[in-house]
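One structure is given here, and the rest of the page talks about it.
Note that the numbering runs from 1 along the sequence shown for the chain.
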Amino acid sequence: MLRTSSGARRLPARIGLAIGSATTVLIALLTPAAAGQEQDEPTGAAQQAEQVEQTEQTEHPAGPMGHWAGSQIAKHEGRDGEVPDARAAQVTQTHGLDVSGWQKNVDWAAVVRNGAKFAYVKATEGTGFKNPYHTQQYNGSYDHGLIRGSYHFALPDRSSGAAQAQYFVKNGGGWSKDGKTLPGALDIEYNPYGNTCYGLSQSAMVQWIRDFSNEYHRLTTRYPTIYTSTNWWKTCTGNSSAFGNTNPLWLARYSSSVGELPNGWGFHTIWQYNDSGIFPGDQNWFNGAYDRLQALANG
């Protein structure tokens, strides 16, 4: 320790702030993260902590802002072979994307230039989170001519399916027959907070999804699209066939083909085939030509 002229003790780091370059060298030796920086740049602990936090958030997003449709798919299922060429869609496929708060403000003009025709936008999670960028993403995609819809990230262990459907509809998940709005989607996938199936039995999970679906239908006259993966569906619903006749299927699989479908569905409506590509967020193909996409929007 050193002392001031009054005899009071001071810590070495504080000496560096007070008496100049010689002690700055000492601090650089004591704090390697500061080494190599220019002398006039701030090198305090607060700045270093902020840099670490930003890096961790970029590489390991946590919390609702880091939970988008498919955020858990690659973690649990990985990738099976090469994903399709983004520009190789047949005339019977229509290219689109899905985004969340993680993408922040989206350049929709660039999205349209790259060929997108539709978009799904995260609106809510559970009954306590609203995407702060939903307005820019939802209205922006509409203003640039895309057919768009909202989706809800389900947390079946937090509240009932009906309660979450109500929260979703009240906060951007509604539907109107304007030819440009897709039915809302229920994102039901691996639990980012813990137990894969949220602690629910297979029968309880089926009932939760049914309650969400029925309440959404009561509020909007449309059944929600169900976003899931075949593996999760088998594990957590027992491969239920209860929704194939009412709810469009949005299937997540990062592979060269759609692969096996969940029980009850004879075909998929949307395939999320990659979590990066020519669009912000996730890459999707609608399983049909543009007029069929319009038909889905119109109900």
Side-chain angles (χ1 to χ4, degrees), residues 67-71 73 93-100 116-125 131 134 137-138 141-142 146-154 156 161-162 164-169 171-189 205-206 208-230 232-233 237 240-253 258 261-273 281-288 290 292-299:
H67 302 155
W68 53 83
S71 60
I73 299 299
Q93 296 173 321
T94 305
H95 222 170
L97 67 156
D98 62 90
V99 294
S100 69
K117 300 296 184 183
F118 73 95
Y120 262 111
V121 175
K122 181 176 179 178
T124 50
E125 178 175 316
N131 173 11
H134 182 264
Q137 295 172 347
Y138 190 72
S141 54
Y142 180 94
L146 275 70
I147 298 177
R148 73 348 182 189
S150 290
Y151 74 86
H152 173 77
F153 195 100
Q164 292 193 30
Q166 292 165 9
Y167 185 76
F168 178 43
V169 171
N171 293 286
W175 175 80
S176 58
K177 193 172 183 177
D178 56 5
K180 299 296 290 293
T181 304
L182 295 167
L186 172 65
D187 175 2
I188 187 80
E189 59 179 283
M205 182 63 76
V206 171
W208 192 97
I209 297 170
R210 182 180 289 111
D211 288 346
F212 183 100
S213 180
N214 288 343
E215 182 66 5
Y216 188 85
H217 182 267
R218 185 185 72 82
L219 294 170
T220 68
T221 74
R222 298 296 304 274
Y223 285 103
T225 299
I226 292 179
Y227 170 95
T228 194
S229 76
T230 300
W232 184 91
W233 193 260
T237 74
S240 170
S241 62
F243 303 95
N245 292 329
T246 51
N247 302 73
L249 174 64
W250 179 7
L251 189 69
R253 186 169 188 254
V258 175
L261 301 181
N263 196 19
W265 282 282
F267 60 90
H268 69 282
T269 297
I270 300 173
W271 174 25
Q272 185 191 76
Y273 67 87
D282 302 309
Q283 319 298 295
N284 295 273
W285 276 338
F286 173 79
N287 188 21
Y290 185 71
R292 302 316 303 158
L293 179 66
Q294 291 175 310
L296 176 63
N298 281 316

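For F286, the ring pair (Phe, Tyr, Trp, His ring centres under 6.0 Å) test picks out no residue, with sequence neighbours left out. With sequence neighbours left out, the side chain to side chain contact (heavy atoms under 4.5 Å, CB included) criterion links N298 to K177. When the ring pair (Phe, Tyr, Trp, His ring centres under 6.0 Å) test is applied to Y167, no partner is found at least two apart in sequence or on another chain. Here N245 pairs with nothing under the side chain to side chain contact (heavy atoms under 4.5 Å, CB included) rule; sequence neighbours left out. Scored by the side-chain hydrogen bond (donor to acceptor under 3.5 Å, both in side chains) test, Q166 finds E215 as partners (sequence neighbours excluded). Every residue two or more places apart in sequence or in another chain was checked for a ring pair (Phe, Tyr, Trp, His ring centres under 6.0 Å) with W175, and none qualifies. The side chain to side chain contact (heavy atoms under 4.5 Å, CB included) search around T230 returns K234, L251, E260, P262, not counting sequence neighbours. A search for ring pair (Phe, Tyr, Trp, His ring centres under 6.0 Å) contacts involving F168 returns H152, Y216, not counting sequence neighbours. In this view, T220 satisfies the side-chain hydrogen bond (donor to acceptor under 3.5 Å, both in side chains) rule with no residue, not counting sequence neighbours. With sequence neighbours excluded, no residue forms a salt bridge (charged side-chain N to carboxylate O under 4.0 Å, His left out) with R292. Applying the side chain to side chain contact (heavy atoms under 4.5 Å, CB included) rule to P248 yields the partners T225, T269, L296; only residues at least two apart in sequence or on another chain are considered. Shown here are the side-chain hydrogen bond (donor to acceptor under 3.5 Å, both in side chains) partners of D211, two or more places apart in sequence or in another chain: Q207.
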For the pair F243 and V206, evaluate side-chain contact (heavy atoms from CB on, under 4.5 Å) and give the outcome as yes or no after the intermediate values.
CA-CA 9 Å; F243 303 95; V206 171; 4.2 Å; yes

One pair to check against side-chain contact (heavy atoms from CB on, under 4.5 Å): L249 and T228. What are the steps and the verdict?
CA-CA 8 Å; L249 174 64; T228 194; 4.2 Å; yes

Given H134 and V121, is the side-chain contact (heavy atoms from CB on, under 4.5 Å) satisfied, shown in steps?
CA-CA 7 Å; H134 182 264; V121 175; 3.6 Å; yes

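Minimum heavy-atom separation, A297 to I147: CB-CG2, 3.9 Å. Between N131 and S100, the closest heavy-atom pair is ND2-C, 3.9 Å. Pairing each heavy atom of S150 with each of G173, the nearest pair is CB-CA, 3.9 Å. Taking all atoms of both residues into account, the shortest heavy-atom contact from A119 to L146 is CB-CD2, 4.0 Å. Between A242 and S240, the shortest heavy-atom contact is N-OG, 3.1 Å. The nearest pair of heavy atoms linking N247 to W265 is O-NE1, 2.7 Å.
Side-chain contact check for I73 versus Y227: some heavy-atom pair is nearer than 4.5 Å. By the 4.5 Å heavy-atom criterion applied to side chains, P224 and P183 are not counted as neighbours. In this structure, T237 and N263 have side chains that are not in contact, with every pair of non-hydrogen atoms separated by 4.5 Å or more. A heavy-atom distance below 4.5 Å is found between the side chains of Y223 and N214. Side-chain contact check for L182 versus L293: some heavy-atom pair is nearer than 4.5 Å. Annotation: side chain of T246 is not in contact with side chain of H217 (no heavy-atom distance under 4.5 Å). Between F118 and I270 the shortest side-chain heavy-atom distance falls below 4.5 Å.
Between Y120 and W250, the ring planes lie parallel to each other; the angle is under 30°, not in the 30° to 60° tilted range. Using cut-offs of 30° and 60° on the angle between ring planes, the pair H268 and W271 is perpendicular. The aromatic rings of W285 and H95 sit tilted relative to each other, their planes meeting at an angle between 30° and 60°.
With rounding to the nearest 0.5 angstrom, the CZ atom of F153 is 10.5 Å from the CD atom of Q164.
Formation of a donor-acceptor pair under 3.5 Å by the E125 side chain with backbone atoms of A123 is not found in this model.
When the options Q137, Q272, K122, R148 are evaluated for a side chain to side chain donor-acceptor pair (under 3.5 Å) with D98, the one that passes is Q272.
By the 6.0 Å contact criterion, NZ on K180 is enclosed, its count of non-hydrogen atoms from other residues, nucleotides or ligands being greater than 12.
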